There are 2 protein chains.
Amino acid sequence: MSQTVDRALSILPLLAEGPADLGQVADRLGVHKSTALRLLRTLHEHGLVHRQSDQRYRLGARLFALAQQAVESLDVREIAHPHLVALNEKCGHTVHLAVHEENEVLYIDKVESRYPVRMYSRIGKPVAITVAAVAKLLLADLPEPERRALAVKLDYPRYTARSTPDATAFLAELAKVREQGWATDLGGHEESINCVGAPVRGVDGRVVAAMSVSAPNVVVTADELLALLPLVRRTADAISREYSGQTPAKETE
Amino acid sequence: MSQTVDRALSILPLLAEGPADLGQVADRLGVHKSTALRLLRTLHEHGLVHRQSDQRYRLGARLFALAQQAVESLDVREIAHPHLVALNEKCGHTVHLAVHEENEVLYIDKVESRYPVRMYSRIGKPVAITVAAVAKLLLADLPEPERRALAVKLDYPRYTARSTPDATAFLAELAKVREQGWATDLGGHEESINCVGAPVRGVDGRVVAAMSVSAPNVVVTADELLALLPLVRRTADAISREYSGQTPAKETE
DNA sequence: AAGTCGTGTTGCATTCCTTGCAACAGTCAT
DNA sequence: ATGACTGTTGCAAGGAATGCAACACGACTT
(Lines give C-alpha, C1' and ligand atoms only; values in the text may rest on other atoms or scores of the structure.)
Protein backbone atom coordinates (compact mmCIF):
# COMPACT_ATOMS: atom_id res chain seq x y z
CA MET A 1 0.00 0.00 0.00
CA SER A 2 2.79 2.38 0.84
CA GLN A 3 5.77 1.84 -1.39
CA THR A 4 8.36 3.50 0.80
CA VAL A 5 7.34 1.71 3.96
CA ASP A 6 6.96 -1.51 2.02
CA ARG A 7 10.53 -1.31 0.85
CA ALA A 8 11.83 -0.36 4.25
CA LEU A 9 10.09 -3.28 5.91
CA SER A 10 11.36 -5.67 3.28
CA ILE A 11 14.82 -4.96 4.62
CA LEU A 12 14.06 -6.59 7.95
CA PRO A 13 13.57 -10.21 6.83
CA LEU A 14 16.55 -9.70 4.58
CA LEU A 15 18.75 -8.74 7.50
CA ALA A 16 17.29 -11.50 9.62
CA GLU A 17 19.18 -13.95 7.40
CA GLY A 18 22.40 -12.34 8.48
CA PRO A 19 24.37 -9.11 8.31
CA ALA A 20 24.53 -7.36 4.95
CA ASP A 21 26.19 -4.26 3.57
CA LEU A 22 24.61 -1.37 1.74
CA GLY A 23 25.20 -2.74 -1.74
CA GLN A 24 23.64 -6.10 -0.96
CA VAL A 25 20.59 -4.47 0.54
CA ALA A 26 20.16 -2.17 -2.44
CA ASP A 27 20.52 -5.05 -4.89
CA ARG A 28 18.01 -7.29 -3.18
CA LEU A 29 15.53 -4.46 -2.91
CA GLY A 30 16.06 -3.48 -6.50
CA VAL A 31 16.65 0.15 -5.68
CA HIS A 32 19.47 2.61 -5.90
CA LYS A 33 22.11 2.54 -3.20
CA SER A 34 21.21 6.01 -2.04
CA THR A 35 17.60 4.97 -1.57
CA ALA A 36 18.62 1.94 0.43
CA LEU A 37 20.91 4.09 2.51
CA ARG A 38 18.13 6.46 3.49
CA LEU A 39 15.79 3.64 4.36
CA LEU A 40 18.44 1.97 6.46
CA ARG A 41 19.10 5.26 8.20
CA THR A 42 15.49 5.60 9.16
CA LEU A 43 15.40 2.04 10.45
CA HIS A 44 18.58 2.75 12.33
CA GLU A 45 17.17 5.85 14.00
CA HIS A 46 14.37 3.70 15.33
CA GLY A 47 16.86 1.16 16.58
CA LEU A 48 15.45 -1.64 14.45
CA VAL A 49 18.70 -1.92 12.63
CA HIS A 50 22.19 -1.92 14.07
CA ARG A 51 25.37 -1.04 12.39
CA GLN A 52 28.22 -3.26 13.43
CA SER A 53 31.88 -2.44 13.47
CA ASP A 54 32.51 -3.64 9.92
CA GLN A 55 29.84 -1.18 8.71
CA ARG A 56 27.44 -3.96 7.85
CA TYR A 57 23.87 -3.81 9.04
CA ARG A 58 22.03 -6.26 11.29
CA LEU A 59 18.76 -6.26 13.14
CA GLY A 60 18.96 -4.10 16.23
CA ALA A 61 18.12 -4.46 19.88
CA ARG A 62 14.95 -2.42 19.63
CA LEU A 63 13.33 -5.28 17.80
CA PHE A 64 13.86 -7.54 20.76
CA ALA A 65 12.69 -4.89 23.18
CA LEU A 66 9.51 -4.41 21.17
CA ALA A 67 8.81 -8.11 20.95
CA GLN A 68 9.27 -8.49 24.68
CA GLN A 69 7.17 -5.48 25.56
CA ALA A 70 4.44 -6.79 23.31
CA VAL A 71 4.16 -10.13 25.05
CA GLU A 72 4.22 -8.44 28.44
CA SER A 73 1.33 -6.19 27.55
CA LEU A 74 -0.67 -9.11 26.24
CA ASP A 75 -3.53 -10.23 28.38
CA VAL A 76 -4.42 -13.89 27.89
CA ARG A 77 -7.66 -13.49 29.69
CA GLU A 78 -8.88 -10.67 27.51
CA ILE A 79 -8.15 -12.65 24.38
CA ALA A 80 -9.41 -15.96 25.71
CA HIS A 81 -12.68 -14.77 27.21
CA PRO A 82 -14.84 -14.73 24.06
CA HIS A 83 -13.59 -18.21 23.21
CA LEU A 84 -14.47 -19.49 26.66
CA VAL A 85 -17.94 -18.06 26.36
CA ALA A 86 -18.39 -19.63 22.94
CA LEU A 87 -17.28 -23.00 24.30
CA ASN A 88 -19.67 -22.70 27.20
CA GLU A 89 -22.49 -21.96 24.80
CA LYS A 90 -21.68 -25.09 22.84
CA CYS A 91 -21.36 -27.55 25.69
CA GLY A 92 -23.06 -25.85 28.61
CA HIS A 93 -20.47 -26.80 31.23
CA THR A 94 -18.21 -24.75 33.46
CA VAL A 95 -15.11 -23.47 31.65
CA HIS A 96 -11.94 -22.43 33.48
CA LEU A 97 -8.81 -20.56 32.47
CA ALA A 98 -5.71 -20.79 34.65
CA VAL A 99 -2.10 -19.64 34.71
CA HIS A 100 1.03 -20.72 36.58
CA GLU A 101 2.63 -18.18 38.85
CA GLU A 102 5.14 -18.49 41.68
CA ASN A 103 4.63 -22.21 42.28
CA GLU A 104 0.87 -21.82 42.27
CA VAL A 105 -1.75 -22.35 39.62
CA LEU A 106 -4.48 -19.74 39.68
CA TYR A 107 -7.87 -19.51 38.05
CA ILE A 108 -7.99 -16.24 36.15
CA ASP A 109 -11.32 -16.68 34.40
CA LYS A 110 -14.43 -18.80 34.67
CA VAL A 111 -17.66 -19.16 32.75
CA GLU A 112 -20.34 -20.76 34.88
CA SER A 113 -22.17 -23.89 33.91
CA ARG A 114 -25.65 -23.42 32.54
CA TYR A 115 -26.77 -26.42 34.52
CA PRO A 116 -27.98 -25.76 38.05
CA VAL A 117 -24.85 -26.96 39.77
CA ARG A 118 -22.12 -25.28 41.80
CA MET A 119 -18.43 -25.80 41.69
CA TYR A 120 -16.04 -24.81 44.40
CA SER A 121 -13.84 -22.60 42.34
CA ARG A 122 -13.31 -18.89 42.33
CA ILE A 123 -11.33 -16.58 40.10
CA GLY A 124 -8.02 -15.78 41.75
CA LYS A 125 -8.11 -18.87 43.90
CA PRO A 126 -5.21 -21.34 43.73
CA VAL A 127 -6.27 -24.66 42.22
CA ALA A 128 -5.64 -28.11 43.67
CA ILE A 129 -2.24 -28.25 42.06
CA THR A 130 -1.64 -31.99 42.25
CA VAL A 131 -4.90 -33.08 40.64
CA ALA A 132 -6.45 -30.33 38.49
CA ALA A 133 -6.24 -30.80 34.73
CA VAL A 134 -5.13 -27.20 34.23
CA ALA A 135 -2.36 -27.59 36.79
CA LYS A 136 -1.07 -30.70 35.06
CA LEU A 137 -1.01 -28.89 31.73
CA LEU A 138 0.88 -25.91 33.08
CA LEU A 139 3.41 -27.86 35.09
CA ALA A 140 3.98 -30.45 32.38
CA ASP A 141 5.52 -27.72 30.25
CA LEU A 142 8.22 -26.79 32.76
CA PRO A 143 11.78 -27.91 32.08
CA GLU A 144 12.41 -31.34 33.57
CA PRO A 145 14.54 -30.27 36.55
CA GLU A 146 12.11 -27.55 37.64
CA ARG A 147 9.23 -29.93 37.29
CA ARG A 148 10.96 -32.42 39.52
CA ALA A 149 12.05 -29.81 42.06
CA LEU A 150 8.48 -28.60 42.34
CA ALA A 151 6.95 -32.08 42.48
CA VAL A 152 8.97 -33.15 45.48
CA LYS A 153 8.15 -29.93 47.32
CA LEU A 154 4.39 -30.34 47.01
CA ASP A 155 1.94 -31.88 49.44
CA TYR A 156 -0.30 -34.58 48.07
CA PRO A 157 -3.60 -34.33 49.91
CA ARG A 158 -5.94 -37.28 49.38
CA TYR A 159 -9.03 -35.38 48.36
CA THR A 160 -10.48 -38.63 47.02
CA ALA A 161 -9.35 -42.18 46.35
CA ARG A 162 -8.30 -41.08 42.88
CA SER A 163 -6.14 -38.14 43.93
CA THR A 164 -2.51 -38.18 42.84
CA PRO A 165 -0.80 -39.99 45.74
CA ASP A 166 2.80 -38.83 45.54
CA ALA A 167 5.54 -37.09 43.56
CA THR A 168 6.41 -40.17 41.54
CA ALA A 169 2.86 -40.63 40.32
CA PHE A 170 2.57 -36.90 39.66
CA LEU A 171 5.69 -36.79 37.54
CA ALA A 172 4.53 -39.80 35.56
CA GLU A 173 1.20 -38.08 34.98
CA LEU A 174 2.94 -34.88 33.86
CA ALA A 175 5.06 -36.82 31.40
CA LYS A 176 1.92 -38.37 29.94
CA VAL A 177 0.19 -35.00 29.70
CA ARG A 178 3.21 -33.45 28.05
CA GLU A 179 3.24 -36.25 25.55
CA GLN A 180 -0.43 -36.24 24.60
CA GLY A 181 -1.06 -32.51 24.74
CA TRP A 182 -4.16 -32.64 26.93
CA ALA A 183 -5.09 -33.55 30.48
CA THR A 184 -7.93 -34.83 32.62
CA ASP A 185 -8.96 -34.87 36.23
CA LEU A 186 -11.36 -37.74 36.76
CA GLY A 187 -12.69 -37.41 40.27
CA GLY A 188 -9.30 -36.51 41.70
CA HIS A 189 -10.47 -33.43 43.52
CA GLU A 190 -14.13 -34.10 44.15
CA GLU A 191 -15.37 -37.62 43.69
CA SER A 192 -18.21 -36.62 41.41
CA ILE A 193 -16.49 -34.07 39.20
CA ASN A 194 -14.51 -34.65 36.01
CA CYS A 195 -12.50 -32.25 33.86
CA VAL A 196 -10.79 -32.24 30.48
CA GLY A 197 -8.32 -29.52 29.58
CA ALA A 198 -5.93 -28.30 26.91
CA PRO A 199 -3.01 -25.87 26.86
CA VAL A 200 -2.79 -22.37 25.40
CA ARG A 201 0.60 -21.72 23.89
CA GLY A 202 2.47 -18.50 23.19
CA VAL A 203 4.38 -17.59 20.09
CA ASP A 204 7.42 -19.58 21.23
CA GLY A 205 5.38 -22.72 21.81
CA ARG A 206 5.56 -22.51 25.59
CA VAL A 207 2.38 -23.04 27.56
CA VAL A 208 1.14 -19.71 28.90
CA ALA A 209 -2.27 -20.79 30.18
CA ALA A 210 -4.54 -23.78 30.38
CA MET A 211 -8.26 -24.18 29.99
CA SER A 212 -10.61 -26.91 31.07
CA VAL A 213 -14.23 -27.98 30.96
CA SER A 214 -15.65 -29.40 34.21
CA ALA A 215 -18.86 -31.26 34.86
CA PRO A 216 -20.29 -33.38 37.66
CA ASN A 217 -21.06 -36.94 36.60
CA VAL A 218 -24.68 -36.53 37.58
CA VAL A 219 -24.92 -34.46 34.40
CA VAL A 220 -22.54 -36.24 32.03
CA THR A 221 -20.42 -39.34 32.45
CA ALA A 222 -16.67 -39.16 32.19
CA ASP A 223 -16.88 -40.75 28.75
CA GLU A 224 -19.33 -38.17 27.53
CA LEU A 225 -17.08 -35.43 28.84
CA LEU A 226 -14.08 -36.96 27.09
CA ALA A 227 -16.04 -36.82 23.85
CA LEU A 228 -15.72 -33.05 24.14
CA LEU A 229 -11.95 -33.28 23.99
CA PRO A 230 -11.60 -32.36 20.29
CA LEU A 231 -13.75 -29.30 20.85
CA VAL A 232 -11.75 -28.26 23.89
CA ARG A 233 -8.49 -28.69 22.04
CA ARG A 234 -9.72 -26.75 19.06
CA THR A 235 -10.79 -23.90 21.33
CA ALA A 236 -7.43 -23.84 23.09
CA ASP A 237 -5.66 -23.85 19.75
CA ALA A 238 -7.79 -20.95 18.52
CA ILE A 239 -6.84 -18.96 21.61
CA SER A 240 -3.20 -19.87 21.07
CA ARG A 241 -3.28 -18.63 17.52
CA GLU A 242 -4.92 -15.37 18.41
CA TYR A 243 -2.69 -14.88 21.44
CA SER A 244 0.47 -15.41 19.45
CA GLY A 245 -0.74 -13.03 16.76
CA GLN A 246 -1.02 -15.52 13.94
CA THR A 247 -3.96 -15.32 11.63
CA PRO A 248 -4.98 -18.93 10.95
CA ALA A 249 -4.54 -19.17 7.19
CA LYS A 250 -3.69 -15.71 5.95
CA GLU A 251 -0.16 -15.78 7.29
CA THR A 252 1.47 -17.71 4.50
CA GLU A 253 -0.34 -16.39 1.46
CA MET B 1 15.20 10.85 7.15
CA SER B 2 12.24 9.32 5.42
CA GLN B 3 9.02 10.77 6.70
CA THR B 4 6.71 7.98 5.65
CA VAL B 5 8.85 5.23 7.07
CA ASP B 6 9.50 7.29 10.14
CA ARG B 7 5.79 7.58 10.84
CA ALA B 8 5.17 3.93 10.15
CA LEU B 9 7.91 2.85 12.53
CA SER B 10 6.65 5.19 15.21
CA ILE B 11 3.54 3.06 15.32
CA LEU B 12 5.44 0.06 16.63
CA PRO B 13 6.50 1.39 20.06
CA LEU B 14 3.04 2.86 20.34
CA LEU B 15 1.42 -0.53 19.88
CA ALA B 16 3.95 -2.13 22.17
CA GLU B 17 2.23 -0.34 25.04
CA GLY B 18 -0.92 -2.21 24.23
CA PRO B 19 -3.59 -2.63 21.57
CA ALA B 20 -4.95 0.55 19.97
CA ASP B 21 -7.59 1.36 17.38
CA LEU B 22 -7.22 3.40 14.24
CA GLY B 23 -8.28 6.71 15.80
CA GLN B 24 -5.81 6.42 18.67
CA VAL B 25 -2.97 5.62 16.31
CA ALA B 26 -3.83 8.55 14.05
CA ASP B 27 -4.05 10.94 16.98
CA ARG B 28 -0.77 9.95 18.52
CA LEU B 29 0.96 10.16 15.17
CA GLY B 30 -0.63 13.51 14.43
CA VAL B 31 -1.86 12.42 11.02
CA HIS B 32 -5.17 11.88 9.32
CA LYS B 33 -6.97 8.62 9.96
CA SER B 34 -6.67 7.58 6.35
CA THR B 35 -2.92 8.02 6.50
CA ALA B 36 -2.69 5.95 9.63
CA LEU B 37 -4.86 3.32 8.03
CA ARG B 38 -2.58 2.94 5.06
CA LEU B 39 0.52 2.77 7.22
CA LEU B 40 -1.09 0.14 9.41
CA ARG B 41 -2.07 -1.82 6.35
CA THR B 42 1.48 -1.90 5.14
CA LEU B 43 2.72 -3.00 8.53
CA HIS B 44 -0.01 -5.61 8.55
CA GLU B 45 1.01 -7.01 5.17
CA HIS B 46 4.48 -7.56 6.57
CA GLY B 47 3.03 -9.26 9.61
CA LEU B 48 4.53 -6.76 12.02
CA VAL B 49 1.08 -5.74 13.12
CA HIS B 50 -1.86 -7.97 13.89
CA ARG B 51 -5.50 -7.12 13.85
CA GLN B 52 -7.39 -8.72 16.65
CA SER B 53 -11.05 -9.66 16.69
CA ASP B 54 -12.19 -6.31 18.11
CA GLN B 55 -10.55 -4.60 15.14
CA ARG B 56 -7.81 -3.11 17.28
CA TYR B 57 -4.20 -3.43 16.25
CA ARG B 58 -1.38 -5.10 18.15
CA LEU B 59 2.18 -6.10 17.33
CA GLY B 60 2.24 -9.21 15.20
CA ALA B 61 3.95 -12.56 15.29
CA ARG B 62 6.40 -11.69 12.55
CA LEU B 63 8.18 -9.42 14.97
CA PHE B 64 8.96 -12.38 17.20
CA ALA B 65 9.96 -14.52 14.27
CA LEU B 66 12.36 -11.85 13.07
CA ALA B 67 13.86 -11.35 16.50
CA GLN B 68 14.38 -15.08 16.89
CA GLN B 69 15.85 -15.57 13.44
CA ALA B 70 18.20 -12.69 14.12
CA VAL B 71 19.64 -14.20 17.27
CA GLU B 72 19.97 -17.57 15.58
CA SER B 73 21.94 -16.14 12.71
CA LEU B 74 24.22 -14.34 15.13
CA ASP B 75 27.59 -15.86 15.61
CA VAL B 76 29.19 -15.05 18.96
CA ARG B 77 32.55 -16.15 17.80
CA GLU B 78 32.57 -13.92 14.76
CA ILE B 79 31.67 -10.91 16.86
CA ALA B 80 33.94 -11.77 19.76
CA HIS B 81 37.06 -12.62 17.82
CA PRO B 82 38.43 -9.11 17.23
CA HIS B 83 37.89 -8.34 20.90
CA LEU B 84 39.75 -11.47 21.94
CA VAL B 85 42.64 -10.53 19.70
CA ALA B 86 42.71 -7.01 21.10
CA LEU B 87 42.74 -8.38 24.64
CA ASN B 88 45.57 -10.74 23.78
CA GLU B 89 47.54 -7.85 22.33
CA LYS B 90 47.10 -5.92 25.56
CA CYS B 91 48.03 -8.64 28.05
CA GLY B 92 49.86 -11.23 25.98
CA HIS B 93 48.21 -14.27 27.56
CA THR B 94 46.04 -17.02 26.16
CA VAL B 95 42.41 -15.97 25.66
CA HIS B 96 39.56 -18.48 25.45
CA LEU B 97 35.93 -18.26 24.40
CA ALA B 98 33.52 -21.02 25.41
CA VAL B 99 29.84 -21.91 25.19
CA HIS B 100 27.56 -24.31 27.03
CA GLU B 101 25.93 -27.05 24.99
CA GLU B 102 24.26 -30.31 25.97
CA ASN B 103 25.76 -30.55 29.43
CA GLU B 104 29.20 -29.77 28.12
CA VAL B 105 31.24 -26.61 27.95
CA LEU B 106 33.22 -26.26 24.74
CA TYR B 107 35.99 -23.95 23.65
CA ILE B 108 34.93 -22.26 20.43
CA ASP B 109 37.78 -19.83 20.03
CA LYS B 110 41.29 -19.33 21.32
CA VAL B 111 44.02 -16.77 20.86
CA GLU B 112 47.41 -18.21 21.77
CA SER B 113 49.67 -16.68 24.35
CA ARG B 114 52.54 -14.66 23.02
CA TYR B 115 54.76 -16.19 25.66
CA PRO B 116 56.49 -19.43 24.73
CA VAL B 117 54.15 -21.71 26.69
CA ARG B 118 51.65 -24.33 25.76
CA MET B 119 48.22 -24.97 27.18
CA TYR B 120 46.31 -28.15 26.82
CA SER B 121 43.26 -26.70 25.21
CA ARG B 122 41.88 -27.03 21.73
CA ILE B 123 38.97 -25.42 19.95
CA GLY B 124 36.02 -27.80 20.03
CA LYS B 125 37.34 -29.65 23.03
CA PRO B 126 35.15 -29.95 26.15
CA VAL B 127 36.63 -28.08 29.10
CA ALA B 128 37.17 -29.39 32.62
CA ILE B 129 33.65 -28.53 33.58
CA THR B 130 34.03 -28.61 37.36
CA VAL B 131 37.00 -26.28 37.58
CA ALA B 132 37.35 -24.05 34.52
CA ALA B 133 36.44 -20.40 34.97
CA VAL B 134 34.42 -20.35 31.76
CA ALA B 135 32.44 -23.40 32.85
CA LYS B 136 31.60 -21.79 36.18
CA LEU B 137 30.38 -18.68 34.40
CA LEU B 138 28.18 -20.55 31.98
CA LEU B 139 26.68 -22.92 34.52
CA ALA B 140 26.16 -20.23 37.15
CA ASP B 141 23.60 -18.65 34.86
CA LEU B 142 21.39 -21.72 34.65
CA PRO B 143 18.11 -21.73 36.59
CA GLU B 144 18.66 -23.10 40.08
CA PRO B 145 17.02 -26.53 39.60
CA GLU B 146 18.93 -27.25 36.39
CA ARG B 147 22.15 -26.15 37.99
CA ARG B 148 21.59 -28.54 40.86
CA ALA B 149 20.49 -31.40 38.63
CA LEU B 150 23.65 -31.01 36.58
CA ALA B 151 25.96 -30.59 39.58
CA VAL B 152 24.95 -33.88 41.16
CA LYS B 153 25.39 -35.73 37.87
CA LEU B 154 28.97 -34.61 37.33
CA ASP B 155 32.17 -36.35 38.25
CA TYR B 156 34.65 -34.36 40.29
CA PRO B 157 38.11 -35.49 39.25
CA ARG B 158 40.91 -34.28 41.55
CA TYR B 159 43.16 -32.78 38.92
CA THR B 160 45.00 -30.96 41.70
CA ALA B 161 44.63 -30.32 45.41
CA ARG B 162 42.60 -27.23 44.56
CA SER B 163 40.09 -28.90 42.26
CA THR B 164 36.44 -28.58 43.18
CA PRO B 165 35.90 -31.64 45.41
CA ASP B 166 32.16 -32.29 45.15
CA ALA B 167 28.72 -31.03 44.12
CA THR B 168 28.19 -29.02 47.28
CA ALA B 169 31.39 -27.07 46.84
CA PHE B 170 30.64 -26.63 43.16
CA LEU B 171 27.17 -25.20 43.76
CA ALA B 172 28.57 -22.84 46.38
CA GLU B 173 31.20 -21.70 43.88
CA LEU B 174 28.55 -21.18 41.20
CA ALA B 175 26.45 -19.08 43.57
CA LYS B 176 29.47 -16.91 44.28
CA VAL B 177 30.27 -16.55 40.59
CA ARG B 178 26.68 -15.66 39.82
CA GLU B 179 26.79 -13.04 42.51
CA GLN B 180 30.05 -11.36 41.58
CA GLY B 181 29.79 -11.63 37.81
CA TRP B 182 33.21 -13.09 37.21
CA ALA B 183 35.09 -16.31 37.90
CA THR B 184 38.54 -17.72 38.45
CA ASP B 185 40.32 -21.02 38.28
CA LEU B 186 43.38 -20.86 40.50
CA GLY B 187 45.34 -24.04 39.85
CA GLY B 188 42.22 -26.18 39.87
CA HIS B 189 43.00 -27.91 36.61
CA GLU B 190 46.74 -27.71 36.37
CA GLU B 191 48.67 -26.76 39.47
CA SER B 192 50.62 -24.02 37.75
CA ILE B 193 47.90 -22.40 35.67
CA ASN B 194 45.49 -19.66 36.70
CA CYS B 195 42.52 -18.14 34.85
CA VAL B 196 40.16 -15.22 35.22
CA GLY B 197 37.00 -15.01 33.19
CA ALA B 198 33.87 -12.98 32.57
CA PRO B 199 30.52 -13.69 30.93
CA VAL B 200 29.15 -12.52 27.57
CA ARG B 201 25.45 -11.79 27.77
CA GLY B 202 22.75 -11.69 25.10
CA VAL B 203 20.04 -9.12 24.66
CA ASP B 204 17.91 -10.76 27.34
CA GLY B 205 20.70 -10.70 29.91
CA ARG B 206 21.31 -14.43 29.79
CA VAL B 207 24.89 -15.66 29.52
CA VAL B 208 25.56 -16.91 25.99
CA ALA B 209 29.30 -17.38 26.19
CA ALA B 210 32.21 -16.93 28.55
CA MET B 211 35.76 -15.75 28.02
CA SER B 212 38.86 -16.13 30.10
CA VAL B 213 42.50 -15.24 30.25
CA SER B 214 44.90 -18.00 31.31
CA ALA B 215 48.53 -17.86 32.32
CA PRO B 216 51.01 -20.16 34.05
CA ASN B 217 52.34 -18.75 37.29
CA VAL B 218 55.88 -18.98 36.03
CA VAL B 219 54.92 -15.98 33.92
CA VAL B 220 52.60 -14.04 36.21
CA THR B 221 51.43 -14.68 39.75
CA ALA B 222 47.75 -15.22 40.51
CA ASP B 223 47.60 -11.70 41.96
CA GLU B 224 49.04 -10.19 38.83
CA LEU B 225 46.52 -12.10 36.76
CA LEU B 226 43.68 -10.92 38.94
CA ALA B 227 44.77 -7.36 38.30
CA LEU B 228 43.65 -7.97 34.72
CA LEU B 229 40.09 -8.59 35.87
CA PRO B 230 38.75 -5.10 35.06
CA LEU B 231 40.18 -5.38 31.56
CA VAL B 232 38.70 -8.83 31.07
CA ARG B 233 35.30 -7.69 32.27
CA ARG B 234 35.37 -4.62 30.06
CA THR B 235 36.18 -6.77 27.07
CA ALA B 236 33.37 -9.20 27.85
CA ASP B 237 30.96 -6.31 28.28
CA ALA B 238 32.02 -4.83 24.96
CA ILE B 239 31.32 -8.16 23.27
CA SER B 240 27.97 -8.35 25.03
CA ARG B 241 26.98 -4.93 23.81
CA GLU B 242 27.95 -5.63 20.27
CA TYR B 243 26.35 -9.06 20.31
CA SER B 244 23.07 -7.75 21.62
CA GLY B 245 23.03 -4.94 19.10
CA GLN B 246 23.18 -2.06 21.52
CA THR B 247 25.32 0.89 20.72
CA PRO B 248 26.96 1.86 24.02
CA ALA B 249 25.70 5.41 24.52
CA LYS B 250 23.64 6.31 21.49
CA GLU B 251 20.74 4.10 22.39
CA THR B 252 18.98 6.37 24.88
CA GLU B 253 19.50 9.74 23.28
C1' DA C 1 -37.99 1.97 13.20
C1' DA C 2 -35.85 6.10 12.14
C1' DG C 3 -32.05 8.69 13.62
C1' DT C 4 -27.47 9.53 15.26
C1' DC C 5 -23.11 8.78 16.78
C1' DG C 6 -18.99 6.31 16.31
C1' DT C 7 -16.19 3.52 13.90
C1' DG C 8 -13.32 2.14 9.51
C1' DT C 9 -12.95 2.77 4.46
C1' DT C 10 -12.38 4.72 -0.40
C1' DG C 11 -11.52 8.32 -4.62
C1' DC C 12 -9.32 12.09 -5.80
C1' DA C 13 -6.62 16.42 -6.52
C1' DT C 14 -2.69 18.74 -4.61
C1' DT C 15 1.60 18.96 -3.01
C1' DC C 16 5.47 17.50 -0.78
C1' DC C 17 8.51 13.83 -0.26
C1' DT C 18 10.96 10.23 -2.27
C1' DT C 19 13.76 8.78 -5.95
C1' DG C 20 17.75 7.98 -9.07
C1' DC C 21 21.42 10.24 -10.99
C1' DA C 22 25.95 11.96 -10.95
C1' DA C 23 29.64 13.74 -8.49
C1' DC C 24 32.27 13.37 -4.23
C1' DA C 25 34.85 11.35 -0.32
C1' DG C 26 36.91 7.93 1.98
C1' DT C 27 39.61 3.25 2.36
C1' DC C 28 42.22 -0.41 0.83
C1' DA C 29 45.05 -2.98 -2.59
C1' DT C 30 47.86 -2.97 -6.29
C1' DA D 1 50.34 7.32 -6.82
C1' DT D 2 46.51 5.15 -9.03
C1' DG D 3 42.70 2.45 -9.41
C1' DA D 4 38.65 0.08 -7.70
C1' DC D 5 35.73 -0.25 -4.18
C1' DT D 6 32.80 1.23 -0.66
C1' DG D 7 29.47 4.79 1.54
C1' DT D 8 27.74 9.54 1.19
C1' DT D 9 25.52 14.10 -0.33
C1' DG D 10 22.86 17.86 -3.53
C1' DC D 11 19.72 18.33 -6.82
C1' DA D 12 15.90 18.28 -10.12
C1' DA D 13 11.82 15.70 -11.64
C1' DG D 14 8.39 12.90 -11.08
C1' DG D 15 5.59 10.00 -8.48
C1' DA D 16 3.75 8.67 -4.32
C1' DA D 17 1.82 9.93 0.11
C1' DT D 18 -1.29 13.11 2.15
C1' DG D 19 -5.66 15.20 3.88
C1' DC D 20 -10.15 16.11 2.60
C1' DA D 21 -14.79 14.90 2.05
C1' DA D 22 -18.03 11.53 1.22
C1' DC D 23 -19.43 6.93 2.07
C1' DA D 24 -20.47 2.48 4.52
C1' DC D 25 -21.38 -0.08 8.41
C1' DG D 26 -22.83 -1.26 13.00
C1' DA D 27 -24.29 -0.01 17.71
C1' DC D 28 -27.01 2.74 20.50
C1' DT D 29 -30.56 5.95 21.65
C1' DT D 30 -35.12 8.06 20.97
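Naming: A, B, ... by sequence-line order, numbering from 1 per chain. Predicted model, so just to flag it, every value in this text is computed and none were measured. Below, all heavy atoms of this structure are taken into account, side chains as well, without hydrogens, waters or symmetry copies.
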**Asked** Is a side-chain N or O of B:Asp141 found less than 3.5 angstrom from the main chain of B:Val207, in a donor-acceptor match?
**Response** yes

**Item:** Spacing of A:Leu37 atom CG relative to C:dC21 atom P, expressed in whole Å
**Value:** 16 Å

**Complete:** Span of DNA chain D engaged by chain A, first through last nucleotide within the 4.0 Å heavy-atom cut-off, is D:dG7 to D:dA17

**Request:** To the nearest Å, give me how far apart CG (B:Asp6) and P (C:dC16) are.
**Result:** 18 Å

**Request:** Using a 4.0 Å heavy-atom cut-off across all strands, classify B:Arg56 as base, sugar-phosphate, or nothing.
**Result:** nothing

**Message:** With a 4.0 Å cut-off on N to O distance, would you call B:Arg56 and A:Glu78 a salt bridge?
**Reply:** yes

**Asked** Mind checking whether B:Arg7 and B:Leu39 have side chains closer than 4.5 Å, heavy atoms only?
**Response** yes

**Asked** So what does B:Ser34 hit on the nucleic acid, given a heavy-atom distance under 4.0 Å: a base, only sugar-phosphate, or nothing?
**Response** base

**Fill in**
On DNA chain C, more 5' by nearest nucleotide between B:Gln24 and B:Arg38 is B:Gln24

**Message:** Base, sugar-phosphate or nothing for B:Thr4? Non-hydrogen atoms, less than 4.0 Å.
**Reply:** sugar-phosphate

**Message:** Students often get this wrong, so: under 4.0 angstrom with heavy atoms, is A:Arg41 touching a base, only sugar-phosphate, or nothing?
**Reply:** sugar-phosphate

**Asked** Side-chain donor-acceptor pair under 3.5 Å between B:Glu242 and B:His83, yes or no?
**Response** yes

**Asked** Considering all heavy atoms of both residues, which atom of B:Gly124 and which atom of B:Leu106 are nearest to each other, and what is their separation?
**Response** O-CD2, 3.8 Å

**Message:** What is the distance, to the nearest angstrom, from the NE2 atom on B:His32 to the P atom on C:dT9?
**Reply:** 13 Å

**Prompt:** Thinking salt bridges, do A:Arg28 and A:Glu17 make one under a 4.0 Å N-O criterion?
**Reply:** yes

**Message:** Let me test you: for the helix from C:dA1-D:dT30 to C:dT30-D:dA1, what is the angle between the axes at its two ends (five pairs each), rounded to 10 degrees?
**Reply:** 30°

**Message:** Using modelled atom types and a 3.5 Å cut-off, is there a donor and acceptor pairing between side-chain atoms of B:His46 and backbone atoms of B:Leu48?
**Reply:** no

**Asked** Quick one: do B:Arg77 and B:Asp75 make a salt bridge, cutoff under 4.0 Å?
**Response** no

